[in-house]
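Predicted, not measured: the structure shown is a model, and the values here were computed from it. Keep in mind that the numbers below use all heavy atoms, side chains included, and drop hydrogens, waters and symmetry copies.
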Amino acid sequence: MPKLTVDGIEVEVPPGSTVLQAVEAAGKEVPRFCYHERLSIAGNCRMCLVEIRPGPPKPAASCAMPAGDNMEVLTSSPMTQKARKGVMEFLLINHPLDCPICDQGGECDLQDQALLYGADTSRFEENKRAVPDKDMGPLIKTTMTRCIHCTRCIRFAEEVAGVPTIGAIGRSEHMEITTLESAVASELSGNVIDLCPVGALTSKPYAFNARPWELRKTEGIDVFDALGANIRIDSRGPEVLRILPRLNEEVNEEWLGDKSRFAHDGLRRQRLDRPYVRRDGRLHPATWNEAFAAIRARLDGRSGTDIGAIVGDQAEAESMQSLKDLMVSLGSPNLDCRQDGAAAIPGQRASYLFNSTIQGIEEADALLLIGSNPRWESPVLNARIRKRWLTGQLQIGLIGEPHDFGFRYDHLGTGGKALRSAAAGRNRFCGVLKNATRPMLVVGTGALARPDGAAVLAATQRLAELNGLIRDDWNGFNVLNRAASRVGGLDLDFVPGDGGADTAGMLSGAVDTLFLLGADEVDLTGLGEAFVVYQGHHGDTGAARADVILPGAAYTEKSGTWVNLEGRVQRSERATFPPGEAREDWTVLRALSDALGHLLPYNSLSALRRRLGDANPVFRTWDEVLPAKWHRSVPAGGIDDAPFANPVANYYMTDPISRASETMAVCTETFMTSDTRNG
């Protein structure tokens, strides 16, 4: 391992490290624009210049210089300071003085580094160049006269997103970053806004809305898919103005999907802000007491077997536990947290978790996708798969609908026939799995949310066992859930009790009173005359069918607990308050239980969270993945030959919030009506 000194501090770095990494290991800071630790080295901004002895009598670009034994690196010598001032002077030759109107103002790397490393005057008096702005789609606003050609956006699109639509034309002063007037067709395109060190690429929906120092910053968890990406919610007053990713190496690194980043404008539209009760076929505004009285009148004398509850995809653990406790007190066994009816084995965590963990993808050398489209179901997870594939050490097979995932794969078939062949060891990819050191299997809801889902689940478990995916130190069986509430709901056993009906049964008339907790992705046409109580935050499908509406809080408006697809318990803090008379869901259920005479035994969030820990010890952990015990699979009927359908038809509209978002509507029109996403 190379040993070198940085400003008199001796450091030892791994072989292959650069001088810049050695400087950071010594606790020193080096300015940079083009360098990013998750992208390839470009070495074109020259801001990271340092003096190296022994060596040539000129500064060296530390990002591209390999660290060597006995090097002496000087980060603040007169030569280094003069070189950095010169580079900064050149960078500012053509950069306009847009700080007063630039959305990057206050968060701009160029501002910060010009202050710390630049000169106080400029010697250039020539006119600045003007570059036409480029059309990069409905999410990215461009002001290309500010561009300093760091090429971070180009490298991100090529290397991480796998959509090489951003490039450069021209040379020297005539160089321009462009997409050739086409939108950036990637579900991760918004990340180039974070990567841009100047104001050349900014958020189009956020443009001119606020300055960063006006915003209240709250740590939260993304609920638009099951990955559980760590986010920062920036709000001003009652309004969420933007959402940014937070660094978490084990979950989302520093990336975020476009729906998670930009759909927040749907929080302002079609909101339920007061209770409603249906009278004479129409919904009328009501007080909380009137809404509770209507529910009490309906349930009076009714058997618990006639009552059911279905949980939506964005519910937090606190509200699910409260609803379950209420249903149990009413004597109802009809519970389900799976709107899509996906197969799972309650009580056996390994049957519904992403057991290899998200970070474990980077150890895998063989991957079989079954009935899954990770690019639309979880774009950040898909980027992690692509990251491993780019190393050349991951072979990928697919059973399901073909799609452009951003990586090459061996298409083995589309449905049940191919899966039966693989489960019997006759598929050509079985040899790849058996010979792999860290083999993985990922089964999606496109395969599990079918009438034969239980048989598919059993077959995939057998496939994992027969091909060596289950070992003492490795579990390669993974379920790619799409719903943020799914793992938490299964951990809380929010599933049918003895003799209880599941989602399909309840929607087919097995109950005459149905509670919907944010459940909007279900077909309610088969309910007939059933009485529906809808608790949620948007006037979507469930609210349109409801007889009583109880307005709840969206994910940014409550402190909640979510369990991501790998079983990691995470908590989100409240950023804003719910509108009007809407309240946090668990408090509504607590008040309803009092009105019904079945008072829930907790009055505070801390008491409710203790109840969660009693219900399942996993909720006593925090930001930790606990290995799940493997249970041998049990045969469960035959598998239909029908193809495994893509579970997501439109990435940009999958829930009430994104369906209410104008930004997502524009994205749908731009991308989903063309062939850019169909692979």
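Within the structure, the salt bridge (Lys or Arg N to Asp or Glu O under 4.0 Å) test picks out the following pairs touching residues 247-256 (sequence neighbours left out): R38-E249, R38-E253, R38-E254, E250-R568, E253-R384, E253-K387. Among residue pairs with one or both ends in residues 78-97, those qualifying as side chain to side chain donor-acceptor pair (under 3.5 Å) are S77-T80, E89-R123; sequence neighbours excluded. Among residue pairs with one or both ends in residues 40-51, those qualifying as salt bridge (Lys or Arg N to Asp or Glu O under 4.0 Å) are E51-R53; sequence neighbours excluded. Every pair tested for ring pair (Phe, Tyr, Trp, His ring centres under 6.0 Å) that includes a residue from residues 21-47 fails, sequence neighbours excluded, so the list is empty. Residue pairs meeting the salt bridge (Lys or Arg N to Asp or Glu O under 4.0 Å) criterion with at least one member in residues 161-178, sequence neighbours excluded, are K134-E176. Annotation: salt bridge (Lys or Arg N to Asp or Glu O under 4.0 Å) contacts involving residues 569-579, sequence neighbours excluded, comprise R574-E584. Residue pairs meeting the side chain to side chain donor-acceptor pair (under 3.5 Å) criterion with at least one member in residues 200-215, sequence neighbours excluded, are E214-R236.
Checking side-chain atoms of H149 against main-chain N and O of M175 turns up a donor-acceptor pair under 3.5 Å. For the pair S485 (side chain) and G312 (backbone), a donor-acceptor distance under 3.5 Å is present. Between the side chain of E219 and the main chain of R246, no donor-acceptor pair closer than 3.5 Å is present. Checking side-chain atoms of T178 against main-chain N and O of L180 turns up a donor-acceptor pair under 3.5 Å.
Nearest heavy-atom pair, P59 versus L49, reported as atom, atom and distance to 0.1 Å: CB-CB, 3.9 Å.
Every residue meeting the ring-ring contact (aromatic ring centres under 6.0 Å, His included) condition with W255, not counting sequence neighbours, appears here in chain and number order: F156. Under the rule for a salt bridge (Lys or Arg N to Asp or Glu O under 4.0 Å), the partners of R609 that lie at least two apart in sequence or sit in another chain are E318. Take R583 and apply the side-chain contact (heavy atoms from CB on, under 4.5 Å) test, not counting sequence neighbours, and it matches W288, T587, V588. Shown here are the salt bridge (Lys or Arg N to Asp or Glu O under 4.0 Å) partners of K558, two or more places apart in sequence or in another chain: E316, D585.
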Going by atom type alone, with no hydrogens or angles, which donor-acceptor pairs under 3.5 Å involve a side-chain atom of residues 222-235 and a protein atom two or more places apart or on another chain?
from: D222; atom 1: OD1; to: F224; atom 2: N; distance (Å): 3.2
from: D222; atom 1: OD1; to: S260; atom 2: OG; distance (Å): 3.1
from: D222; atom 1: OD2; to: S260; atom 2: OG; distance (Å): 2.8
from: D225; atom 1: OD1; to: L227; atom 2: N; distance (Å): 3.0
from: N230; atom 1: OD1; to: N248; atom 2: ND2; distance (Å): 3.1
from: N230; atom 1: ND2; to: G228; atom 2: O; distance (Å): 3.2
from: N230; atom 1: ND2; to: Q570; atom 2: OE1; distance (Å): 2.9
from: R232; atom 1: NE; to: D234; atom 2: OD1; distance (Å): 2.9
from: R232; atom 1: NH2; to: D234; atom 2: OD2; distance (Å): 2.7
from: D234; atom 1: OD2; to: R242; atom 2: NE; distance (Å): 2.7
from: D234; atom 1: OD2; to: R242; atom 2: NH2; distance (Å): 3.2

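Annotation: F124, atom CZ; neighbour count of heavy atoms from other residues, nucleotides and ligands within 6.0 Å is above 12. At most 12 non-hydrogen atoms from other residues, nucleotides or ligands lie less than 6.0 angstrom from CZ of F577.
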